[in-house]
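Computed from a predicted model, the values in this text were never measured in an experiment. Computation of the quantities below employed the complete heavy-atom set of this structure, encompassing side-chain atoms and omitting hydrogens, waters and symmetry-equivalent molecules.
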Amino acid sequence: MTEYLEYLEESTDTVKSKRNIGKLIIIATYLVIYAIAMILFWCIISGSDAMGYYLIVIGLVLPITTFVLSILIGINDYWGRWKWISAIIFGVMYTLAEYATFKLANTFAFGNFHLLNLTLLLIGAIISLAGLGIGTLVRRHIRKKRMKCTNP
């Protein structure tokens with residue numbers, strides 16, 4: 001019996017470890033993509049490329065990344081009920097992306113101080129909520145299928 005309990009404890013630790021690695025991968029993926037976006041703007045993009053950068057990075061890359069990672073958070077139920085707070089975090093990061101690039105560059109160039117665009121916070125949060133919702137629905141669907149297979 002003691003061996004079995006040790007086996008169960010070891011198995012539980014392995015599952016927890018894999019969940020923690022999954023969470024770290026989600027966070028690291030977003031932060032790396034975010035950092036690359038900031039580095040691109042400040043080190044590579046010139047004034048003439050700014051509109052293209054905005055459309056590609058702010059308009060596509062960050063929203064798609066937010067959506068996909070939110071789906072993965074929902075499917076894996078990372079952070080349990082607290083996962084819904086990630087929508088606010090993604091919204092804030094999306095808002096800061098524009099602020100840390102265009103608004104800050106404008107401040108440096110012209111001395112104009114700009115407030116945060118709260119519309120972007122709402123857009124980022126909605127994108128994340130959509131991904132979390134889809135991920136949660138997929139998780140429930142998978143659970144129902146497993147239940148049907150185990151209880152015919």
Side-chain angles (χ1 to χ4, degrees), residues 9-148:
E9 186 177 328
E10 203 173 290
S11 297
T12 303
D13 289 345
T14 302
V15 170
K16 285 181 183 177
S17 175
K18 285 183 180 179
R19 283 185 63 77
N20 288 337
I21 289 171
K23 291 176 188 177
L24 281 173
I25 289 171
I26 294 280
I27 293 168
T29 300
Y30 189 78
L31 291 177
V32 165
I33 291 171
Y34 197 87
I36 290 170
M38 295 304 116
I39 291 167
L40 275 174
F41 181 83
W42 288 105
C43 298
I44 298 174
I45 301 299
S46 66
S48 62
D49 300 333
M51 183 55 83
Y53 171 88
Y54 189 86
L55 292 173
I56 293 170
V57 174
I58 306 292
L60 289 175
V61 172
L62 291 179
I64 290 170
T65 302
T66 297
F67 185 71
V68 170
L69 294 180
S70 294
I71 289 173
L72 293 174
I73 290 169
I75 288 173
N76 293 296
D77 199 32
Y78 291 141
W79 300 286
R81 281 186 260 152
W82 293 99
K83 70 179 171 248
W84 300 101
I85 291 176
S86 66
I88 296 168
I89 295 167
F90 280 124
V92 167
M93 295 299 287
Y94 191 59
T95 302
L96 290 176
E98 184 200 39
Y99 191 81
T101 53
F102 292 97
K103 302 275 180 162
L104 201 56
N106 196 7
T107 299
F108 290 150
F110 304 108
N112 299 336
F113 179 76
H114 297 279
L115 297 175
L116 291 173
N117 185 350
L118 296 181
T119 304
L120 291 176
L121 179 109
L122 184 61
I123 291 169
I126 289 170
I127 291 167
S128 180
L129 284 172
L132 288 167
I134 290 170
T136 302
L137 289 174
V138 168
R139 181 179 176 81
R140 287 183 185 164
H141 180 71
I142 291 169
R143 253 197 217 158
K144 283 182 184 178
K145 274 190 163 183
R146 285 183 187 159
M147 295 294 254
K148 284 181 183 178

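- A search for side chain to side chain contact (heavy atoms under 4.5 Å, CB included) contacts involving I39 returns C43, not counting sequence neighbours.
- Once rounded to the nearest 0.5 Å, the distance linking CG of L104 with CH2 of W42 reads 4.5 Å.
- Residues meeting the side chain to side chain contact (heavy atoms under 4.5 Å, CB included) test with I75, sequence neighbours left out: I71, V138.
- In terms of the side chain to side chain contact (heavy atoms under 4.5 Å, CB included) criterion, residue partners of I88 (sequence neighbours excluded) are, by chain and number, V92.
- By the ring-ring contact (aromatic ring centres under 6.0 Å, His included) test, Y78 is found to be paired with no residue, residues two or more places apart in sequence or in another chain being considered.
- Within the structure, side-chain hydrogen bond (donor to acceptor under 3.5 Å, both in side chains) pairs that include any residue of residues 61-73 comprise S70-S128 (at least two apart or interchain).
- Under the side chain to side chain contact (heavy atoms under 4.5 Å, CB included) criterion, I126 pairs with L122, not counting sequence neighbours.
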Would you list the atom pairs, donor with acceptor, under 3.5 Å between side chains in residues 26-38 and any protein atom, with sequence neighbours excluded?
unit_1: T29; atom_1: OG1; unit_2: I25; atom_2: O; d: 2.6
unit_1: Y34; atom_1: OH; unit_2: M93; atom_2: O; d: 2.9
unit_1: Y34; atom_1: OH; unit_2: A97; atom_2: N; d: 3.0

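- For the salt bridge (charged side-chain N to carboxylate O under 4.0 Å, His left out) condition, no pair includes a residue of residues 21-33, sequence neighbours left out.
- For residues 55-80, every residue pair satisfying the salt bridge (charged side-chain N to carboxylate O under 4.0 Å, His left out) rule, not counting sequence neighbours, is listed here: D77-K83.
- Of all heavy-atom pairs between L132 and S86, the closest is CD1-OG, 3.6 Å.
- Residue pairs meeting the side-chain hydrogen bond (donor to acceptor under 3.5 Å, both in side chains) criterion with at least one partner in residues 132-145, sequence neighbours excluded, are absent.
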Ignoring hydrogens and angles, write down the donor-acceptor pairs under 3.5 Å from the side chains of residues 55-63, residues two or more places apart or on other chains.
none

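- The stretch residues 90-110 participates, sequence neighbours left out, in these side-chain hydrogen bond (donor to acceptor under 3.5 Å, both in side chains) pairs: N106-H114.
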